[in-house]
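Here's the structure we're looking at; comments come further down.
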Amino acid sequence: MIRTVRTVAELRAHLAAWRDQGQRIALVPTMGNLHAGHHSLVELARNNADRVVASVFVNPTQFGPNEDFSRYPRTPEQDAEGLARSGCDLLFLPSVETMYPLGAESAVRIRVPGLADILEGAHRPGHFDGVATVVARLFNMVHPDVAIFGRKDYQQLQVIRHFAKDLAFAIDIVPGATVREADGLAMSSRNQYLSPSERSQAVEIIHNLRTMREQAAQGLPLVGIEEEAGERLSAAGFDVDYAVIRRADLSLPGGANEPGLVGLVAARLGRTRLIDNLEFDAPTP
Ligand code: PAF
């Protein structure tokens with residue numbers, strides 16, 4: 001069984017012992033319900049540090065009022081077993097009171113202006129304030145040398161890099177590759193909300209991202225590529241929030257011939273909202 005701690009005092013006791021031995025510490029923040037994507041982040045953490053701490057906390061401040069906070073899958077025993085198998089050293093399983101000692105409502109918030117307001121932020125107001133707020137708290141509690149975040153949440157990774165740099169956290173932010181199902185669907189805890197027919201439709205997201213990449217490589221106008229992707233996804237039964245092409249820093253590109261472009265999609269199938277992205281210059285997934 002993996003060692004599990006629930007309080008900051010217990011957490012710091014373990015960390016202090018490792019630091020005394022000069023060990024490098026990696027943090028893998030998660031909301032639990034772990035799948036192969038998370039386990040690959042733990043593996044990446046192992047390759048970047050001597051000790052790996054994973055946190056499991058379903059963070060209330062990053063969910064909007066009509067979102068899935070209460071039904072978000074919580075599987076702590078299964079998560080603990082999986083983390084032990086993937087070589088994690090310590091599981092931090094805090095309560096809401098531990099993460100937000102003065103209450104979530106009156107919590108001091110971290111806000112990344114601009115970056116937190118576009119794309120995901122425009123469709124989920126306040127979401128990235130909640131993410132940045134909880135991740136900054138985890139950074140302060142753990143003081144890791146390195147922290148691992150998946151590329152699947154592309155904008156989240158940019159938001160975290162931005163505030164970590166701006167607030168001078170001396171932490172290497174290391175991105176982990178998106179892990180996909182055999183048909184290409186990006187792994188996500190939310191995939192289990194999909195009905196069998198929605199699950200078959202869901203693969204259209206990565207198919208469309210690949211088409212967007214091909215069309216950009218042909219030099220077609222980006223606005224047209226985005227519009228067509230949105231139309232194809234709508235025709236396939238999605239309620240589309242966005243299907244766009246951006247620079248790596250999420251600013252608007254000048255044209256299809258720029259290097260480093262990324263396609264990003266967010267779309268709903270029934271009650272399930274899915275996001276995915278494809279970095280056009282990365283090796284083909
Ligand atoms: O990506 C997630 O699972 C969450 O947004 C994170 C980074 C653990 C913060 O709650």
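Note that the structure is a prediction, hence the values are computed from the model and not measured.
- Between Ile173 and Ile160 the shortest side-chain heavy-atom distance falls below 4.5 Å.
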Can you give each donor-acceptor pair under 3.5 Å made by side-chain atoms of residues 21-30, sequence neighbours left out, with the distance rounded to 0.1 Å?
{"unit_1": "Gln21", "atom_1": "OE1", "unit_2": "Gln23", "atom_2": "NE2", "d": "3.4"}
{"unit_1": "Gln23", "atom_1": "OE1", "unit_2": "Arg51", "atom_2": "NE", "d": "2.9"}
{"unit_1": "Arg24", "atom_1": "NE", "unit_2": "Asn48", "atom_2": "O", "d": "2.7"}
{"unit_1": "Arg24", "atom_1": "NH2", "unit_2": "Asp172", "atom_2": "OD2", "d": "3.3"}
{"unit_1": "Thr30", "atom_1": "OG1", "unit_2": "Gly32", "atom_2": "N", "d": "3.0"}
{"unit_1": "Thr30", "atom_1": "OG1", "unit_2": "Ser55", "atom_2": "O", "d": "2.7"}

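- For the atom pair Gln155 CD and Arg124 CZ, the distance stands at 10.5 Å (nearest 0.5 Å).
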**Item:** Pair Val134-Phe57, side-chain contact (heavy atoms from CB on, under 4.5 Å): steps then yes or no
**Value:** CA-CA 9 Å; Val134 79; Phe57 179 64; 3.8 Å; yes

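- Arg6 has no carboxylate O lying under 4.0 Å from a charged side-chain N of Glu10, or vice versa, which leaves the two without a salt bridge.
- The distance from atom OG of Ser200 to atom CG of Asp183, rounded to the nearest 0.5 Å, is 8.5 Å.
- With respect to Arg19 and Asp50, no salt bridge is recorded, no charged nitrogen being found less than 4.0 Å from a carboxylate O.
- Phe280 approaches Ala216 most closely through the heavy-atom pair CE1-CB, 3.9 Å.
- Between Ala80 and Leu91, the closest heavy-atom pair is CB-CD2, 4.0 Å.
- Nearest heavy atoms, Gly37 versus Met187: N-SD, 3.9 Å.
- Applying the ring pair (Phe, Tyr, Trp, His ring centres under 6.0 Å) test to Phe63 and every residue at least two apart in sequence or in another chain returns Phe69, Tyr72.
- Under the ring-ring contact (aromatic ring centres under 6.0 Å, His included) criterion, no residue pair touches residues 249-271, with sequence neighbours excluded.
- Taking 4.5 Å as the limit, some side-chain heavy atom of Ser189 sits within range of a side-chain heavy atom of His35.
- Every salt bridge (Lys or Arg N to Asp or Glu O under 4.0 Å) that Arg268 has, sequence neighbours left out, goes to Asp241.
- Only one option out of Thr7, Val53, Leu15, Leu11 pairs with Met141 in a side-chain contact (heavy atoms from CB on, under 4.5 Å); it is Leu11.
- Among all heavy-atom pairs drawn from Gln201 and Ala236, the shortest one is NE2-O, 2.9 Å.
- Without hydrogens or angle criteria, Asn191 side chain to Ala186 main chain gives a donor-acceptor distance under 3.5 Å.
- Taking both residues in full, the closest heavy atoms of Ser234 and Val240 are given as OG-CG2, 3.7 Å, listed atom of the first, atom of the second, then distance.
- Separation of atoms CZ (Phe128) and CD (Gln158) is listed at 10.0 Å; rounding is to 0.5 Å.
- A heavy-atom distance below 4.5 Å is found between the side chains of Val5 and Leu90.
- With values rounded to the nearest 0.5 angstrom, Thr178 atom OG1 is found 9.0 Å from Leu278 atom CG.
- Under the 4.5 Å side-chain contact rule for hydrophobic residues, Ile148 and Leu138 do not share a cluster.
- Ile171 and Trp18 fall within the same hydrophobic cluster, defined by Ile, Leu, Val, Met, Phe, Trp and Tyr side-chain heavy atoms under 4.5 Å apart, directly or through other members.
- A donor atom on one side chain and an acceptor atom on the other are found under 3.5 Å apart for Gln215 and Glu228.
- Taking all atoms of both residues into account, the shortest heavy-atom contact from Ala267 to Phe238 is CB-CD2, 3.6 Å.
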**Request:** Please step through side-chain contact (heavy atoms from CB on, under 4.5 Å) for the pair Gln192 and Asn33, ending with a clear verdict.
**Result:** CA-CA 10 Å; Gln192 64 195 268; Asn33 195 240; 2.7 Å; yes

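- Atoms CD and CG, on Glu214 and Leu209 in that order, are 11.5 Å from each other to the nearest 0.5 Å.
- Residues Ile206 and Asn208 fail the side-chain proximity criterion, which asks for heavy atoms closer than 4.5 Å.
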**Asked** Please walk me through it: do Arg46 and Asp89 pass salt bridge (charged side-chain N to carboxylate O under 4.0 Å, His left out)?
**Response** CA-CA 10 Å; Arg46 282 236 71 88; Asp89 297 292; 3.4 Å; yes

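- Contact of the Asp276 side chain with the Tyr154 side chain is not registered, since no non-hydrogen atoms from C-beta on lie closer than 4.5 Å.
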**Request:** Check the pair Arg271 / Glu198 against side-chain contact (heavy atoms from CB on, under 4.5 Å), numbers first and verdict last.
**Result:** CA-CA 10 Å; Arg271 290 174 69 203; Glu198 289 169 343; over 6 Å; no

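- To the nearest 0.5 Å, atoms CG (Asn47) and CD (Glu43) are separated by 6.5 Å.
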**Request:** Show the numbers, then the answer: is there a side-chain contact (heavy atoms from CB on, under 4.5 Å) between Arg232 and Glu204?
**Result:** CA-CA 9 Å; Arg232 278 192 308 269; Glu204 286 307 320; over 6 Å; no

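- For the side-chain contact (heavy atoms from CB on, under 4.5 Å) with Leu83, the qualifying choice from Ile2, Thr4, Val52 is Ile2, the only one to do so.
- One hydrophobic cluster holds both Ile205 and Ile225 under the rule that ILVMFWY side chains link at heavy-atom gaps under 4.5 Å.
- With respect to Arg111 and Asp129, a salt bridge is recorded, a charged nitrogen being found less than 4.0 Å from a carboxylate O.
- Asp153 places a side-chain heavy atom less than 4.5 Å from the side chain of Ile275.
- A donor-acceptor pair is defined here as one N or O able to donate and one able to accept, closer than 3.5 Å; no such pair exists between the side chain of Asp281 and the backbone of Leu261.
- Under the rule for a salt bridge (Lys or Arg N to Asp or Glu O under 4.0 Å), the partners of Glu279 that lie at least two apart in sequence or sit in another chain are Arg151.
- Of the listed residues (Thr98, Val108, Ile110), just one forms a side-chain contact (heavy atoms from CB on, under 4.5 Å) with Arg137, and that residue is Val108.
- No continuous path of ILVMFWY side-chain contacts below 4.5 Å connects Val146 to Val142, so the two sit in separate hydrophobic clusters.
- In this structure, Met212 is not a member of the same hydrophobic cluster as Val262, with clusters built from ILVMFWY side-chain heavy atoms closer than 4.5 Å.
- Taking 4.0 Å as the cut-off between side-chain N and carboxylate O, Arg74 and Asp79 do not count as a salt-bridged pair.
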For residues 242-250, dump all side-chain donor-acceptor pairs below 3.5 Å to protein atoms at least two apart in sequence or in another chain.
{"unit_1": "Tyr242", "atom_1": "OH", "unit_2": "Glu120", "atom_2": "OE2", "d": "2.5"}
{"unit_1": "Arg247", "atom_1": "NE", "unit_2": "Glu258", "atom_2": "OE1", "d": "2.8"}
{"unit_1": "Arg247", "atom_1": "NE", "unit_2": "Glu258", "atom_2": "OE2", "d": "3.4"}
{"unit_1": "Arg247", "atom_1": "NH1", "unit_2": "Leu252", "atom_2": "O", "d": "3.4"}
{"unit_1": "Arg247", "atom_1": "NH2", "unit_2": "Glu258", "atom_2": "OE2", "d": "3.0"}
{"unit_1": "Asp249", "atom_1": "OD1", "unit_2": "Ser251", "atom_2": "N", "d": "2.9"}
{"unit_1": "Asp249", "atom_1": "OD1", "unit_2": "Ser251", "atom_2": "OG", "d": "2.6"}

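- The shortest side-chain heavy-atom distance between Val174 and Phe149 does not fall under the 4.5 Å cut-off.
- For the residue pair Tyr100 / Thr61, a side-chain donor-acceptor distance below 3.5 Å is found, with atom types taken as modelled.
- Side-chain atoms of Gln62 and Glu67, non-hydrogen and from C-beta on, never get closer than 4.5 Å to each other.
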